[in-house]
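Since the structure comes first, as structure tokens, the remarks are kept for the end.
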Amino acid sequence: MSGLRVRGLLALSATALGAYYLGSRTERLQQSSDVFPRLPGLPTFGTVSAASLVASNVNLTATPSRISEIMKFGFPGLDNVRSHSDYVLSYDRRNRIPHWVFEHLTAESVAKNDSVDRSKCDFKPDESIHPFFRSQNTDYRKSGFDRGHMAAAGNHRLHQKHCEETFYLSNMAPQVGQGFNRDAWNSLEMHVRKLTKSYSNVYVCTGPLYLPHKEDDGKMYVKYEVIGSNTVAVPTHFYKVIVGEAADHKLHMEAYVMPNKVISNDTPLNVFQVPPETVERAAGLLFFDQINRNQLASINGRKV
DNA sequence: TTTACTGT
């Protein structure tokens with residue numbers, strides 16, 4: 001193999017690794033301590049009980065193994081990817097909100113945990129985003145919109161740090177509060193958590209949409225409000241594409257699109273189900289593209 | 001329950 005070809009391969013693998021690692025704020029500093037977490041007595045593995053291993057096995061940094069677990073079925077896109085200890089995000093600099101966030105949930109990770117207190121978490125600007133593209137709390141203040149989590153706080157109850165990491169403003173998008181974020185959207189988030197009761201693993205991708213509509217001149221336009229001095233985009237809709245992995249390893253996909261507006265509380269969730277391809281075309285993303293098609297058993301509850 | 005706001 002020629003030296004040139006070897007260099008090319010090395011550059012390629014560095015790029016692939018970069019996709020996993022881009023922008024994660026702590027792993028370069030803490031990687032070595034995380035590969036060997038605080039287990040006194042290591043490296044004599046036999047001296048560590050299984051119980052203490054489980055207790056200390058909560059990843060507190062974005063380790064390669066956790067990221068590849070979350071992203072098992074592929075990246076929807078590769079724009080400004082950031083990895084956190086329990087979720088992965090792609091940031092849209094132009095709109096100052098995420099393109100997508102990816103989470104992996106289990107019954108254990110969403111179980112009620114009294115040691116994790118949401119009220120102790122503060123919404124905070126993400127210093128890892130260039131100031132030109134970073135949203136601030138003042139952008140949202142008196143805007144009339146909630147700072148709506150894309151990766152939901154309630155999905156990250158294994159550790160206080162996991163919960164806190166969902167409060168970066170890079171994980172927020174302006175959402176109608178009463179009637180949407182605190183109601184229909186919250187119901188959808190609770191539905192996703194409930195799926196961990198039927199599936200051993202739940203993978204969920206969440207993000208904004210800016211959908212076109214026809215105006216009086218008969219032409220199609222995309223129109224959305226922007227808020228604050230950083231002109232944070234207010235999406236017209238939000239989506240969730242979900243995959244549940246059953247005990248038999250069959251995969252079940254659901255996709256939802258909800259308008260960012262007051263939704264009557266008596267509206268059933270299935271009203272918002274759409275073909276996953278519809279979301280992909282609207283978002284410019286490909287979801288779960290690494291799934292083996294013959295593993296996919298159902299889409300929106302219908303056999304495929 | 002969980003989601004957050006504004007005003008102090």
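Quick note on labels: first sequence line is chain A, next is B, and so on, each numbered from 1. Source: prediction; values computed, not measured.
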Exercise. Just call it for A/Q175: base, sugar-phosphate, or nothing, with non-hydrogen atoms closer than 4.0 Å on any strand.
Key: nothing
Quiz item: Looking across every strand, which nucleic acid part, if any, lies under 4.0 Å from A/G154 by heavy atom: base, sugar-phosphate, or nothing?
Solution: sugar-phosphate
Nearest whole angstrom, please: distance from the [atom2] of [N] to the [atom1] of [X].
X      : N     : atom1 : atom2 : result
A/L188 : B/dT3 : CG    : P     : 13 Å
A/F238 : B/dT3 : CZ    : C1'   : 14 Å
A/N181 : B/dT1 : CG    : C1'   : 14 Å
A/N265 : B/dT2 : CG    : P     : 17 Å
A/M150 : B/dT3 : CE    : P     : 12 Å
A/W185 : B/dT3 : CH2   : C1'   : 13 Å
A/D117 : B/dT2 : CG    : P     : 11 Å

Quiz item: Between the base of B/dT3 and the side chain of A/N186, is there any donor-acceptor pair under 3.5 Å?
Solution: no
Side chains of [X] and [Y]: closer than 4.5 Å at any heavy-atom pair?
X      : Y      : answer
A/K214 : A/Y221 : no
A/Q290 : A/K72  : no
A/Q175 : A/F238 : yes

Quiz item: Does B/dT1 have OP1 or OP2 sitting under 4.0 Å from an N or O in the side chain of A/R157?
Solution: no
Give every pair of a protein N or O atom and an N or O atom of nucleotides 5-8 of chain B that lie under 3.5 Å apart, one pair per line with the distance.
unit_1, atom_1, unit_2, atom_2, d
B/dC5, OP1, A/R147, N, 3.0
B/dC5, OP1, A/R147, NE, 2.8
B/dC5, OP2, A/R147, NE, 3.3
B/dC5, OP2, A/R147, NH2, 2.4
B/dC5, O4', A/R182, NH2, 2.9
B/dT6, OP1, A/K142, N, 2.8

Quiz prompt | Step-by-step salt bridge (charged side-chain N to carboxylate O under 4.0 Å, His left out) determination, A/D86 to A/R66 | solution = CA-CA 7 Å; A/D86 208 32; A/R66 182 59 181 139; 2.7 Å; yes
Quiz item: Does A/V304 have any side-chain contact (heavy atoms from CB on, under 4.5 Å) partners at least two apart in sequence or in another chain, and if so, which?
Solution: A/L296, A/I299
Quiz item: Which pairs, with at least one residue in residues 174-190 of chain A and sequence neighbours excluded, count as a salt bridge (charged side-chain N to carboxylate O under 4.0 Å, His left out)?
Solution: A/D146-A/R182
Quiz item: Are side-chain N/O atoms of A/N59 and A/T63 paired as donor and acceptor at under 3.5 Å?
Solution: yes
